[in-house]
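The sequence lines fix the lettering, A, B, ..., with proteins before strands; numbering per chain opens at 1.
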Amino acid sequence: MTTPAPASSRRPLWARVPVISHLRQSIGLQRGMLIVGLVLTGLFLLTALLAPALAPYGFAQLRGPDGAFGATQPPSAEHLLGTTQGGYDVLSRLIWGSRTALLVIVVAVVASILIGVALGLISGYFGGWLDRVLVVIADAIYAFPSLLLAIVLAIVISGGQSSMWGGILAAALSITVIFIPQYLRVTRAEVIRIKSEAFVESARVVGASHARIMIRHVLRNSTRTLPLILTLNASEAILTLAGLGFLGFGIEPTAAAEWGYDLNKAVADVSSGVWWTAVFPGTAIVLVVLGLTLVGESLNDLSDPRLRKRAVGAEPVEDLLDPAHATQEASA
Amino acid sequence: MTTTSDAPAARAGAPRAWAKKPGGSLGRYLAVRALLIIPTVFILVTTVFVLMRLTGDPITAAQGGRLPADQLAERIHEAGYDRPILVQYLDYLGGVFTGDFGTTLSDRREVTEVIATFGAATLELAFYALIVAFLVGIPLGRLAAFHRDRWPDAIFRVGGILAYATPVFFAGLLLKLVFSVWLDVLPVAGRADTRTELTLSRGDGATGIYLIDAIRTGDPAVLGNVLQHAILPAVTLGLLTAGVFLRVVRTNVISTFGAGYVDAARSRGVSERRLLRKHAYRPALIPIVTVVGLQIALLLGGAVLTETTFEWKGLGFQLSQYLQARDFVAVQGIVVVLAVIVAVTNFIVDIIAALLDPRVRY
């Protein structure tokens, strides 16, 4: 089916782009939350992209022109956020760390969407024993504490020790496996709903192949909720990465900067009153997750007309559909 | 099928799809639900086994590079890791069903013994955390619902999101920094002072749950010491869960508040405060039961990180120790046991939910 010709009453294209249209619909507190989230997310993306230009030193740099940085130096003019026990510059590792986080998010989310949506489509469309098996497996994985699953997968993928790409892939794929059931579940539910619609039946009557019906008619109509899960999952990915890093599955400090690893090293510092090695990377995680969560929650509320808040009108009922909140232990 | 509109219901709904028969009996529901545990546990055990063996055997992982090749091969042979993978798998399954999860490589202890020794500490921590979560999450959720869309609600909601956005170990580090290092009012780490721990372990039939053991000594100093050590870890782990409770209570109170029977009561002249407390609040608490069940997985994952932060010597702390020692037999054992605990807890929670709410049936 072709997309209907744009009617003259339709809003201009730029106003129909997902996030912008949401922003235009929002009011009051909801708009404030969305804007704060977008700003935080934007800052995170910029930092990650411009890391080489922003960071004063390299993430594994131990000495500058004036000799070694020195271990656990408090914040000063040379080292705005101080140095770590290992003698790294905290600010530089903070900035480079955003790059690692972004890479993990991108790999994890892309892989889990591709696999999860494909499985959900097949499972929902064909049904039968394959559907049952997939659903039971997805449910078992879903009930599994996700951090533990991530640990097992990190062992499998990297044997626990990691180069930059090894570490990023290990973290990303562990997160992927946790997310696949969510995408599978959501897509499957939509597919089951849509495949009984009249237009699917008429396509079948016309003689369209399964592949064509699945992709053109069903898939295109069942991706409505994906952007919402995507933002929520991105924040979960960061928390899982940090949790893995904190447990010692981080990426080696010489391979890339990773916030969770830095926090792991900061546990001993805190007891002796050294606060800057813990507070800054931790705050970075909180701000990024906060930004992504605010965007995700706002989009979630705004996309559902029942939950959307209007200037005057009925009470919004926040929904709890997003499974991300039920399974955030990894995160945590 | 469940009719509650929250995540747990959506989650639990999927496996029941083929058993959907409206108006089934409670007994039938319980039976089907109990049978479903078997494939779940089976899949969990199999998944972990397959994944852990994909990379090779645990002895090479632990000793690789440190032992000469012939000695390594001999140890692998002794432990049976050179047998066909299917034989190993059946052997492992048999072990699991008879309660034998293997012996750790690094300190040569039975995994079951490790779990018995350290499980009590994790159980205690999870229990404290749930109390904190209830005490904080439920009243604040109710308050947020009562003041919905006004500033207290906004503050609580942002607070709830912050509680989610803060990694539990970072929250722990911050609390430690403020209360143990700067203010110096609470202990930095551990479950009790060394002397207190000695006193507790000397008692006859010590349960390993320090709270119970301390009460049994009858010494207020011992009890005080144990409680002092528990505050920060409990708050750290509890706040994580409290954020989820707050959301659920808020949402449910708001939706029950709009129900017809509340309108009816309002039209009879019942005060708003009483409407909230008596009419909207109580039915809103039922979904909490299911949410608590889901939180068990979250709590156990969070406990691993909290215990590592506070050197709380429980299963999670032990797990991270074994991870660092690359003792994958121990890791596999602990992970499987924790996963089974989660599956069984979910089962129990589903049963409680079915007993409480007659709409939850197959």
Side-chain angles (χ1 to χ4, degrees), chain A residues 29 33 132 135-148 151-153 155-156 159-160 185 235 239 242-243 246-249 260 263 266-267 270-273 275 278-279 282 285-286 289-290 293-294 297 309 315-323 325-332, chain B residues 5-8 10-11 14-15 17-18 39-40 43-44 47-48 51-52 54-55 61 148-149 154 161-162 164-170 173-174 176-177 181 188 240 244 247-248 250-251 254-255 258 294 297-298 300-302 304-305 308-309 320 323-324 326 328 331 335 338-339 342-343 346:
Chain A
L29 181 64
M33 280 167 66
R132 280 179 209 172
V135 166
V136 168
I137 292 178
D139 263 48
I141 292 180
Y142 196 73
F144 206 100
S146 61
L147 182 65
L148 298 182
I151 290 172
V152 171
L153 285 156
I155 294 175
V156 174
R185 192 188 298 275
S235 58
L239 290 171
F246 185 75
L247 287 177
F249 275 97
L263 277 170
V267 176
V270 162
S271 307
S272 50
W275 53 273
V279 169
I285 300 176
V286 174
V289 176
L290 185 66
T293 313
L294 284 175
E297 295 242 320
K309 203 179 295 179
E315 270 318 319
V317 178
E318 185 190 345
D319 90 336
L320 281 172
L321 278 178
D322 48 321
H325 280 270
T327 53
Q328 40 115 324
E329 81 266 20
S331 56
Chain B
S5 63
D6 49 15
R11 194 196 131 258
W18 74 84
T40 307
I43 290 170
L44 289 176
T47 312
V48 176
L51 287 175
M52 298 293 283
L54 272 183
T55 38
R148 62 183 174 279
D149 300 326
I161 295 177
L162 261 181
Y164 163 74
T166 311
V168 71
F169 48 90
F170 179 52
L173 283 178
L174 282 183
K176 211 159 134 171
L177 191 64
V181 179
V188 177
L240 173 73
V244 183
R247 277 175 65 96
V248 176
R250 176 185 179 277
T251 312
I254 287 180
S255 69
L294 281 182
L298 174 69
L300 285 178
V304 175
L305 297 165
T308 314
T309 315
S320 70
L323 277 172
Q324 258 144 46
R326 311 178 59 70
F328 295 153
V331 172
V335 167
L338 289 181
V342 171
N346 280 340

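Of the atoms belonging to B:Leu177, heavy atoms from both backbone and side chain fall under 4.5 Å from chain A.
Note that CD1 of B:Ile161 and CG of A:Leu294 are 5.0 Å apart. Values are rounded to the nearest 0.5 Å. Expressed to the nearest 0.5 Å, how far OG1 of A:Thr293 lies from OH of B:Tyr164 amounts to 5.0 Å.
Pairing each heavy atom of B:Leu305 with each of A:Gly243, the nearest pair is CD2-O, 3.9 Å. The minimum heavy-atom distance between B:Ala165 and A:Leu239, with the atom names listed, is O-CD2, 3.8 Å. When every heavy atom of A:Ala278 is checked against every heavy atom of B:Leu173, the shortest pair comes out as CB-CD1, 4.1 Å.
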Passes side chain to side chain contact (heavy atoms under 4.5 Å, CB included), B:Val335 versus A:Ile151? Steps please. CA-CA 9 Å; B:Val335 167; A:Ile151 290 172; 5.6 Å; no
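The closest side-chain heavy-atom distance from B:Thr309 to A:Phe246 is below 4.5 Å.
When the side-chain contact (heavy atoms from CB on, under 4.5 Å) test is applied to B:Leu174, the partners found at least two apart in sequence or on another chain are A:Val279, B:Phe170.
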